[in-house]
Amino acid sequence: MSHFNENAKWRYATKKFDTSKKVSAEDLATLKEAIRLSASSFGLQLYKVIIVVNPEVRAKLQEASWGQTQVTEASHLLVFANQTIATAADVDAYINNAIATRNLPQGALDGFGDYMKGAISNIPEEVKPIWNAKQTYIALSNLLNAAAELKIDVTPMEGFVPAKYNEILGLDKLNLNASLVAPIGYRHEEDATQHYAKVRKSNEELFITI
């Protein structure tokens, strides 16, 4: 079995974190880099990741998370927040970054930039936040896999009230919307869930070859 699959079997949605254990600055930097390197549509990365360590803020967020204790017990709380808009300025920023990163002459990517702007402009305004939110799920998958490699636990959560998160973290003012929450840290030895067999569909149930 591959090392990747072994890690996938090891990880689970942790229900109780050990509050005495903290993710090191070095490991946190590794996780941040894994998120940064995630794939996204057009490579635009139309989201932010808020790392919440302030205990008072996290207590407020717990109330907006149906009381789930992982929000306050974990070492760090990551909140993935998608942009609520997508504009030509986002494309321009990406093109300028690509030119600088790849040492290209100005204008080399104008055609691609125009194509991207056209594609985005054709997305209905009410759909753009949904499109942006989907990108955060890709970034979350990178976090899950990188964390499992480091034997760091993650609890991916949709069980929270986005509007309350937006209010508490001031995301509305930044044209951001909380889409996913991911407490990270280390499982508590009393968390019985870690001993449960992983339940998944069989290959025959899951895959269709045409």
Side-chain angles (χ1 to χ4, degrees), residues 1-40 45 47-82 133-162 164-166 168-169 171 176-201 206:
M1 181 180 295
S2 73
H3 188 55
F4 181 93
N5 287 347
E6 286 287 354
N7 289 336
K9 286 192 171 185
W10 173 86
R11 70 148 303 276
Y12 73 108
T14 306
K15 300 298 184 289
K16 184 176 178 61
F17 284 93
D18 187 337
T19 57
S20 69
K21 297 180 179 180
K22 301 298 181 184
V23 175
S24 70
E26 180 181 3
D27 284 346
L28 181 61
T30 299
L31 297 181
K32 289 167 65 176
E33 182 67 357
I35 294 171
R36 191 183 74 86
L37 293 174
S38 296
S40 67
Q45 296 177 292
Y47 53 82
K48 301 287 187 182
V49 182
I50 298 88
I51 302 175
V52 187
V53 295
N54 185 304
E56 294 180 0
V57 175
R58 287 170 63 171
K60 293 178 181 179
L61 294 176
Q62 182 184 2
E63 293 180 7
S65 307
W66 306 344
Q68 296 179 86
T69 58
Q70 298 98 318
V71 171
T72 52
E73 290 180 348
S75 173
H76 297 71
L77 179 69
L78 276 60
V79 180
F80 290 78
N82 62 278
K134 287 181 177 179
Q135 312 310 312
T136 64
Y137 285 79
I138 302 173
L140 173 67
S141 69
N142 262 33
L143 169 64
L144 293 176
N145 294 328
E149 179 76 19
L150 297 172
K151 294 298 182 283
I152 294 173
D153 291 293
V154 184
T155 305
M157 294 169 52
E158 291 181 309
F160 65 97
V161 183
K164 288 292 186 181
Y165 265 66
N166 295 344
I168 294 167
L169 297 174
L171 300 181
L176 294 171
N177 174 69
S179 58
L180 290 169
V181 177
I184 66 172
Y186 299 93
R187 62 189 67 176
H188 197 287
E189 63 180 11
E190 295 177 359
D191 186 1
T193 314
Q194 64 188 290
H195 304 299
Y196 294 171
K198 192 177 289 291
V199 179
R200 294 293 187 272
K201 291 183 177 180
L206 188 60

Test log, rule side-chain contact (heavy atoms from CB on, under 4.5 Å), inputs Thr155 and Lys15 = CA-CA 7 Å; Thr155 305; Lys15 300 298 184 289; 5.8 Å; no

query = Is there side-chain contact between His76 and Val53, with at least one heavy-atom pair below 4.5 Å?
reply = yes

query = Should Arg187 and Tyr12 count as side-chain neighbours, where that means a heavy-atom distance under 4.5 Å?
reply = yes

request  = Measure the CG-CG distance between Leu150 and Asn7 for me, rounded to the nearest 0.5 Å.
outcome  = 9.0 Å

inquiry  = Counting only heavy atoms from other residues, nucleotides and ligands, does the tally under 6.0 Å from NZ of Lys48 exceed 12?
reply    = no

remark   = Here the pair of heavy atoms bringing Asn166 nearest to Ala178 is OD1-N, 2.9 Å

message = Other residues, nucleotides and ligands only: do more than 12 of their heavy atoms fall within 6.0 Å of NZ on Lys201?
response = no

request  = Measure the shortest side-chain to side-chain distance between Gln194 and His188 over non-hydrogen atoms and say whether it is less than 4.5 angstrom.
outcome  = no

note = Rounded to the nearest 0.5 Å, the NZ atom of Lys16 sits from the CG atom of Asp153 at a distance of 13.5 Å

query = If only atom types and distance count, is the side chain of Ser40 paired as donor or acceptor with the main-chain N or O of Gln45 below 3.5 Å?
reply = yes

note = Here the gap from Lys164 atom NZ to Leu169 atom CG, rounded to the nearest 0.5 Å, amounts to 13.0 Å

ask   = For Ser38 and Ala139, which heavy atoms make the closest approach, and how far apart are they?
value = OG-CA, 3.3 Å

message = Using salt bridge (Lys or Arg N to Asp or Glu O under 4.0 Å), reason through Glu33 and Arg36 one step at a time and then give a plain yes or no.
response = CA-CA 5 Å; Glu33 182 67 357; Arg36 191 183 74 86; 2.8 Å; yes

query = Should Glu6 and Lys9 count as an ion pair when the cut-off is N to O under 4.0 Å?
reply = no

query = Minimum heavy-atom separation for Val161 to Trp66, with atom names?
reply = CG2-NE1, 4.1 Å

ask   = So, does Asn142 use its side chain to make a donor-acceptor pair with the main chain of Ala34 at under 3.5 Å?
value = yes

request  = Evaluate the side-chain proximity of Lys32 to Ile51: yes if any heavy-atom separation is below 4.5 Å, no if none is.
outcome  = yes

query = Hey, what do you get for CG (Asn177) to OH (Tyr165), rounding to the nearest 0.5 Å?
reply = 12.5 Å

message = If I compare all heavy atoms of Ala81 with all of Leu171, which pair ends up nearest, and what's the gap?
response = CB-CD1, 4.0 Å

remark   = Result for side chain to side chain contact (heavy atoms under 4.5 Å, CB included) between Phe80 and one of Leu176, Leu143, Ile50 points to Leu143

key: Main-chain N/O of Asn82 paired to Thr136 side chain as donor or acceptor, under 3.5 Å   = no

key: Pair Thr72-Phe17, side-chain contact (heavy atoms from CB on, under 4.5 Å): steps then yes or no   = CA-CA 9 Å; Thr72 52; Phe17 284 93; over 6 Å; no

query = Do you know which two heavy atoms are closest between Val23 and Leu28, and how far apart they sit?
reply = CG1-N, 3.8 Å

Result of checking Asn145, Leu180, Leu78 against Leu140 for side chain to side chain contact (heavy atoms under 4.5 Å, CB included) = Leu180

ask   = Side-chain contact, heavy-atom cut-off 4.5 Å: Ser65 with Val181?
value = no

ask   = Distance from Arg11 atom CZ to Lys151 atom NZ, nearest 0.5 Å?
value = 12.0 Å

query = If every non-hydrogen atom of Ala39 is compared with every non-hydrogen atom of Ile138, which pair is closest and at what distance?
reply = O-CG2, 3.3 Å

remark   = dist Glu158:CD -> Tyr137:OH (nearest 0.5 Å) comes out at 3.5 Å

ask   = Would you say Pro183 and Glu73 make side-chain contact, with heavy atoms under 4.5 Å?
value = no

ask   = Is a donor on one side and an acceptor on the other found under 3.5 Å between the side chain of Gln135 and the backbone of Tyr47?
value = no

